[in-house]
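In what follows, every chain begins at residue 1, and chains take the letters A, B, ... in the order their sequences are listed.
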Amino acid sequence: MDKVYNHKGVEEKLYQQWEKAGYFTPKIDPSASSGQERKPFTIILPPPNANAPLHFGHAMYVVEDILIRYHRMKGDPTLWLPGADHAGFETQFVFEKQLEKKGKSRFDYDRATLYQMIWDYVQENRKGMENQLRRLGFSLDWTRTKFTLDKDIVQIVHKTFKKMYDGGLIYRGERLVNYCTHCGTSFSDLEVVYEERQDPLYYIKYGPLVLATTRPETKFGDTGIAVNPKDKRYQKLVGKEVEIETVLGKAIIRVVADDAVDPEFGTGVVKITPSHDFNDFEIAQRHNLSMKQVIGFDGKMNEHAGKFAGMYVGQARKVIIEEMQQKGLIEKIDDKYIHRIGLCYKCKNVLEPLPLEQWFVRMEPLAKRAIEVVKKGKIKFYPQRHEKTYLNFLENIRDWNISRQIVWGIRIPAWRCQKCKNQKLKSKNTNQNAKIGNNEEMEQSTNNGWVVTDGTKPEKCPNCGSAQLEQDEDTFDTWFSSAQWPFATLQTAKEGDFGTFYPTTVLETMYDILLFWVARMVMVGLYVTGEIPFQNVVLHGMVKDPLGKKMSKSKGNVVDPLEIVEQYGADAVRFALVYGTAFGNDQSLSYPKLEAMRKFTNKLWNMGRFIAMKRIQNSKFKIQNSVQEILEIATHKNDKTMVKRTQKLIKEITEYLDGYQFNYAAERLYDFVWHEFADKYIEDVKKRIDDNSSLILNSLFIILLKLLHPFTPFVTEEIYQQLKFEGSLMMQPWPK
RNA sequence: GGACUCGUAGCUCAGCGGUAGAGCGUUGCAUUCACAUUGCAAAAGUCAGAGGUUCAAAUCCUCUCGAGUCCACCA
C-alpha cells in the first residue's frame, strides 16, 4: 500500500468493478433470501435535466446513496433508479440560446426537425450527466435507467391525461395565463417569478371619475369600472354607464361594485381590463363584463389599439401617456409607487397576462387527498418544517395550466375536429362544467370538437364523423410528466417492479422543488395508482458558492462537481457535503472543509496500512463479524472497552441513518474513527500487540469500514480489498 | 400581507433547557513510529440586541435589528 491514498485511478476502477458485478441491481429472488422477507427499500433519483451537465448541488444526492448503500448492506432488496428529465421548456430555452449563437432561431426549422435536433443534443448531454453521477460513486441501478421521453413513459403520461380527462379533472378553458411574449409560451402560476419595481402610478381621468393605474396602455381593453360597494363616494354611479374620454375618442363604460376593490387604494376606483389582468378577469366574471384583448401574443398592441397598433407595450405606454397629458387626461403621477410584477423565470421579461385556451387540471380534488395523506402521517417530511409549506400550498391551490407552446415535450393527445369546433358538443364528460375563477360554475363551450385519446390518433370525430382532425400543437408542462415519475418508472423498468417497489420508501430532493414536483407527485400518484408514491420526503438544502451566494450560470459561479471530485476525491466531496451542517440547511461550498475531509480519507488509508503491517498471518485466526463475537474473544480490558464503544457506535450510526440525521452520523464517525480509534486505541494496542489484540483490532477496523462505507465508499472498499478480504465491502452485512 | 431559515471562536458551521463545541486557521511542543495529509497542548466567544418564563436559557416565549428564501390576484 502506498504511503498516501491516491483516489485517482482507484475510484473509477472500483465503480466499474461494482457495476460489472451487478451490485447495483437489487436482489429480489425470494429463493435467495433466508426465509425472512425483507421490505424493499426504494428511491427514485430525481431525474436531472438532460440539457446540461450537473452542477455542484446535484452532488447532494449523496444522501440518497448513503441510504441506498446502508439498506443494501442491511440486506434489504434495494433499488435506486436513475433517469433523466427532458425538461421541456428549460431545454428548449437552452437550445435556442445555442441556435442564437449560430445566428439561427427555432422558426428556421419545422417542428419535426427542431425536435430531432433537440433530441440529439439531449442524448449527448445525458451521457456526460450520467458519467458525473458515476464519478460521485452513486450506486444507481443503470439497468433500469429511464428517460421522460421513452416511448413507454410517454404512453403512461398520455393515459394519465386521458384518465384525468374522463374523470373530469381536465378541462379546456379560455382563461388568462401567464404568457411570455419573448419565449412564446404560457406558464403555470408557480413558474412566475416576482420582482419589486418602482413604476409610475398614473391618476387618469375617466369621465366623472379619476382612477389610478400602472398600465394606461391597456385602457382600450377596459370593459368596466369597479368601486367598492361600501364606498359612499361612488354609490350613485354603481350600475350606471359613464362616458369617458380616451386618446382614441369617447367610450361608454359600466360601473360595477365589487368587494375586491380597496377603497383606500388610489382613488378607490379601478378600471377593469379583463383580458390583461388577473384580478380584473375575475371581477369581470362576476359582473358579466366582456373581454377585449388589446395586446397580442407578440407583445404588441393589436388592432383594437387604433393608431397604437403594432407598438410594443412599453413603447405604447410612453406614447399614450404623452398624448393623455396633452389632452389633460392625467390628473397626477405618483412616481414613487412600488409594486411587484411577474417575470418569465427564464428570460426575465415581463409576463403578459393574456387570454388563451389551454388545458387545465382541476386541482382541488387532487389536493384534498394529498393533504389527507400527510395529515394522517402516511407521508412524513424531514426536516418537518417543510410540511407546513406543502400544506399551505395545497390548501390554497389554483388550477394548473399544463399546456406549453413549445415543441420539446410530450405532445398533448387531444385532437380537434375542424368541422364541429364551433358547435357545442354534448359530451358525457363532466368537463362541460369546468370551474372557472373562484366559485363560479360556468358552462364551458371549450370541449368544442376536442377528442382526447390515450395517444393514438382518432380516425374520425365521434360527433360528426369527420376525418378532419388536428392534434393540439401544444406539449405538456414538463412537470406534468415528472409528477408521474415514481409509478411511470416502476411500471416500465422491469417486470414486477411496480408490485415490488411501489410505493417507494424515500423521495429525496432539494427543498426548492417541493411544490413543483413533490406535491404534484403526491397528487398525481394518488390519483393514478390509488397509493402514495413515497413514504418519506427528505429534503436537503442548497449548496451555495464559497461566498454564500446561490450558484447560477448567469452569475458565472457554478462549480462542476467533477472538478472538485478530481481534486479531492469523491469520498472527500461526499463526506464534506454531509459533515458539519445540519441536514436540510443551506451550506456554502468550503474548500478548507473539502481539504479536511481529504485528510480524513488519507487517515483511514493509513490506519489500513498500519493494520496491514501488523496483521497476523496465521490463518486459523478468523475475522469476527459481530461485536458479540469479538467481545467473546477479547481478553485485555482495553480491548473489551473498545469493543463496547464500537457496539455503541454501531447503534448510534444506525439510528442516525434511520432518522435521516446524516450530519450527526458523519460527525460521530469522523470523531470516533480519528480521535478515539486511531489516536487512542491504536496507539494503545501498538505497545502491546499480540495475535489476540491484532485480531480484535482487525475485526473492529472492518466494522468501522462498513459503517463508513455508505459515506466514503471508494476508500473503504479499496482498503478492504487491499487487506485481501473476500468479495466486496459494499456487499457485506451491516454490522451488528 | 402570510410562512420559513439564519445571525455562536478570525473563517465555515454543530449544539437548541443544566457550568460554551468541531473543522480549518493561529501559537507552542513532539517526531526517523501507519500517517508532517501526524500527535500532544494552548490562546480565542458577555452564543445579534432588549425584555420575559424558569432554580437554571445560546437553547423556550415576545419584541427589535440585520442576512436570505418561499407563498399570496392590491389596480
Same-atom distance ([atom1]) from [N] to [M], integer angstrom:
N	M	atom1	answer
B:U5	B:C61	P	10 Å
B:G7	B:A58	C1'	12 Å
B:G68	B:A48	C1'	16 Å
B:G15	B:A9	P	15 Å
B:A3	B:A42	P	47 Å
B:C16	B:U8	C1'	12 Å
B:G21	B:A43	P	12 Å
B:U26	B:C11	P	15 Å

Exercise. Quick one: the side chain of A:Glu683 and the base of B:A34, do they pair up donor-acceptor inside 3.5 Å?
Worked result: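 Indeed, a donor on one side and an acceptor on the other fall under 3.5 Å apart.
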
Exercise. When only distance counts, do a donor and an acceptor, one from the side chain of A:Lys603 and one from the base of B:C35, lie under 3.5 Å apart?
Worked result: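 Flag set: donor-acceptor pair detected.
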
For this session: Tell me, please, whether A:Phe393 has A:Lys388 positioned over its six-membered ring: NZ or CZ under 6.0 Å from the ring centre and within 45 degrees of its axis?
Result: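 The answer is no, since A:Lys388 fails at least one limit relative to A:Phe393.
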
Exercise. Under the 6.0 Å and 45° cation-pi test, does A:Arg645 pair with A:Phe672?
Worked result: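 So A:Arg645 doesn't make the cation-pi contact.
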
Between [X] ([atom1]) and [N] ([atom2]), how many Å, whole number?
X	N	atom1	atom2	result
A:Glu595	B:G25	CD	P	9 Å
A:Leu589	B:C11	CG	C1'	14 Å
A:Lys8	B:U37	NZ	P	16 Å
A:Tyr345	B:C70	OH	C1'	17 Å
A:Asn663	B:G23	CG	P	16 Å
A:Leu539	B:C70	CG	C1'	13 Å
A:Tyr194	B:C70	OH	P	13 Å
A:Glu395	B:C70	CD	P	21 Å

Are OP1 or OP2 of [N] and a side-chain N or O of [X] less than 4.0 angstrom apart?
X	N	value
A:Lys388	B:C4	yes
A:Tyr511	B:U5	no
A:His675	B:G23	yes
A:Arg598	B:U37	no
A:Asn392	B:A72	no

Problem set entry | Residue closer to the 5' end of RNA chain B, A:Ala260 versus A:Val4 (nearest nucleotide) |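 Nearer the 5' end of the strand: A:Val4.
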
Exercise. RNA chain B: A:Lys3 or A:Met542, which has the more 5' nearest nucleotide?
Worked result: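 Checking each residue's closest nucleotide, the 5'-ward one belongs to A:Lys3.
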
For this session: Look only at the side chain of A:Arg233 and the backbone of A:Pro263, and say whether a donor-acceptor pair between them is shorter than 3.5 Å.
Result: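 Yes, the answer is positive, given that a donor and an acceptor are paired below the 3.5 Å cut-off.
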
Exercise. Does A:Asp684 use its side chain to pair, donor to acceptor, with the backbone of A:Lys680 at less than 3.5 Å?
Worked result: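 No.
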
Problem set entry | Test item: side-chain donor near acceptor, A:His339 and A:Asp199, under 3.5 Å |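 Side chains of A:His339 and A:Asp199: pair found under 3.5 Å.
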
For this session: Assess whether side-chain hydrogen bond (donor to acceptor under 3.5 Å, both in side chains) is satisfied between A:Thr273 and A:Asp222, documenting all intermediate values.
Result: CA-CA 4 Å; A:Thr273 321; A:Asp222 293 354; 2.7 Å; yes

For this session: Searching all strands shown, indicate the nucleotide that pairs with B:U54 (Watson-Crick or G-U wobble; both distances under 3.5 Å).
Result: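 Because no pair has both required distances under 3.5 Å, B:U54 counts as unpaired.
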
Exercise. Which base, if any, makes a Watson-Crick or G-U wobble pair with B:G28, both distances under 3.5 Å?
Worked result: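 WC or wobble partner is B:C40.
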
